[in-house]
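Here's the structure we're looking at; comments come further down.
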Protein chains: 2
Amino acid sequence: MTKYGKKIWEIVEASRGHPTAEQVFDELRGACPGVALATVYNNLNRLCGEGRIRKVSVEGMPDRYDRAARHDHLVCRNCGRLTDVDLEDLTEELERKAGVPILAYDLKLIYLCGECRKAREKEGR
Amino acid sequence: MTKYGKKIWEIVEASRGHPTAEQVFDELRGACPGVALATVYNNLNRLCGEGRIRKVSVEGMPDRYDRAARHDHLVCRNCGRLTDVDLEDLTEELERKAGVPILAYDLKLIYLCGECRKAREKEGR
DNA sequence: ATTAAAATTAGAATGATTTTAATTTGAAAG
DNA sequence: CTTTCAAATTAAAATCATTCTAATTTTAAT
């Protein structure tokens, strides 16, 4: 693995916070001042292609990066907050129900996070 | 509903092809030359907000718009082709499994469409 | 030490979408 | 039929995450 590739992978793998490319860049710069943002994008893309990390796109915000291990996500409808959720692997069930061989799936559960629910209640809804 | 709002809704609702804003724009211009692309975006956003249509984002391509009726999607890993698939409503099941109240979910089944599979076979994979 | 391929860099380019500010439209009220 | 005012529309500029380009540097193999 390349000089920056390894470090970037470690940052994403270690993080439970679904960092954006910019956030990975900022963290990497701590150890490697002078690294270019393009390098971060290059490596994130390469790592995704190799299946070593994955990309999580949430409507209207920059792409986020996540460890490869299988899990799904809760997305707050209001603020976009992203949280991991561990559901069993649904591939077989979905394949059977859809009647088509599938390679994988992308499942996001839309909810209201604690903060946003509280904010709503205060406004009296 | 507004002058263009209704037409744009009809275009999206009638289409089974998941058009992009540009494609809606092109179709609308047939009947209404002089309409602005910004108007299409404004109305698509308004209609989404009202729940009368929905937006489908596929990694690396412009957003697509879709009728509101509940259904899920197959997305070709290779070419991005988007196809409807009718699965039963999984909200309750997912809510139970996740242990959190959810408002909705976004499920994409990743597969290889017929064309892409054929292309692969020709190349001998 | 030589080479070639791959990685990195800085900065420009891209392109879908949003924003802005001005103009037009359309419905309700007088 | 006017007046009025909010909402819709327009054209153009702005945004901004991401990709691309071309030049440079690093790496690993020979």
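The analysis underlying the following values was restricted to heavy atoms, covering all of them including side chains, and did not include hydrogens, waters or symmetry mates. Protein chains get the first letters and strands the later ones, always in sequence-line order, with residue 1 at the start of each. Just so you know, these numbers come straight off a predicted model, no measurement behind them.
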Could you give the [atom1]-to-[atom2] distance, from [X] to [N], as a whole number of Å?
X       : N      : atom1 : atom2 : value
A/Leu28 : C/dT8  : CG    : C1'   : 12 Å
A/Leu44 : D/dT19 : CG    : P     : 10 Å
B/Lys3  : C/dT23 : NZ    : P     : 18 Å
B/Glu22 : C/dA16 : CD    : P     : 7 Å
B/Asn43 : C/dT17 : CG    : C1'   : 15 Å
A/Glu50 : C/dA7  : CD    : C1'   : 13 Å
A/Ile8  : C/dT8  : CD1   : C1'   : 11 Å
A/Phe25 : D/dT18 : CZ    : C1'   : 14 Å

Any side-chain N or O of [X] below 4.0 angstrom from OP1/OP2 of [N]?
X       : N      : value
B/Arg46 : D/dA7  : no
B/Asn42 : D/dA7  : no
B/Thr39 : D/dA8  : no
A/Thr2  : C/dT8  : yes
A/Asn45 : D/dT19 : yes

Next on the checklist: Could you tell me if A/His71 and A/Asp86 have a donor-acceptor pair between their side chains, going purely by distance under 3.5 Å?
Outcome noted: no

[X] side-chain proximity, nearest of [options]:
X       : options                : value
A/Ala38 : C/dT18, C/dG11, D/dT27 : C/dG11
A/Ala21 : C/dT19, D/dT18, C/dA7  : D/dT18
B/Tyr41 : D/dT18, C/dT18, D/dT9  : C/dT18

Is a side-chain N or O of [X] found less than 3.5 angstrom from the main chain of [Y], in a donor-acceptor match?
X        : Y        : result
B/Glu13  : B/Arg67  : no
A/Arg64  : A/His18  : yes
B/Tyr105 : A/Leu107 : no

Item to check | Co-membership, hydrophobic cluster, residues B/Val75 and A/Leu94, 4.5 Å side-chain | outcome: no

Item to check | Any-strand Watson-Crick or G-U partner of D/dA29, both distances under 3.5 Å | outcome: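 In the structure as shown, D/dA29 has C/dT2 as its Watson-Crick or wobble partner.
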
Next on the checklist: On DNA chain C, does the nearest nucleotide to A/Tyr4 precede the nearest nucleotide to B/Lys55 from the 5' side, or the other way round? Give the residue.
Outcome noted: A/Tyr4

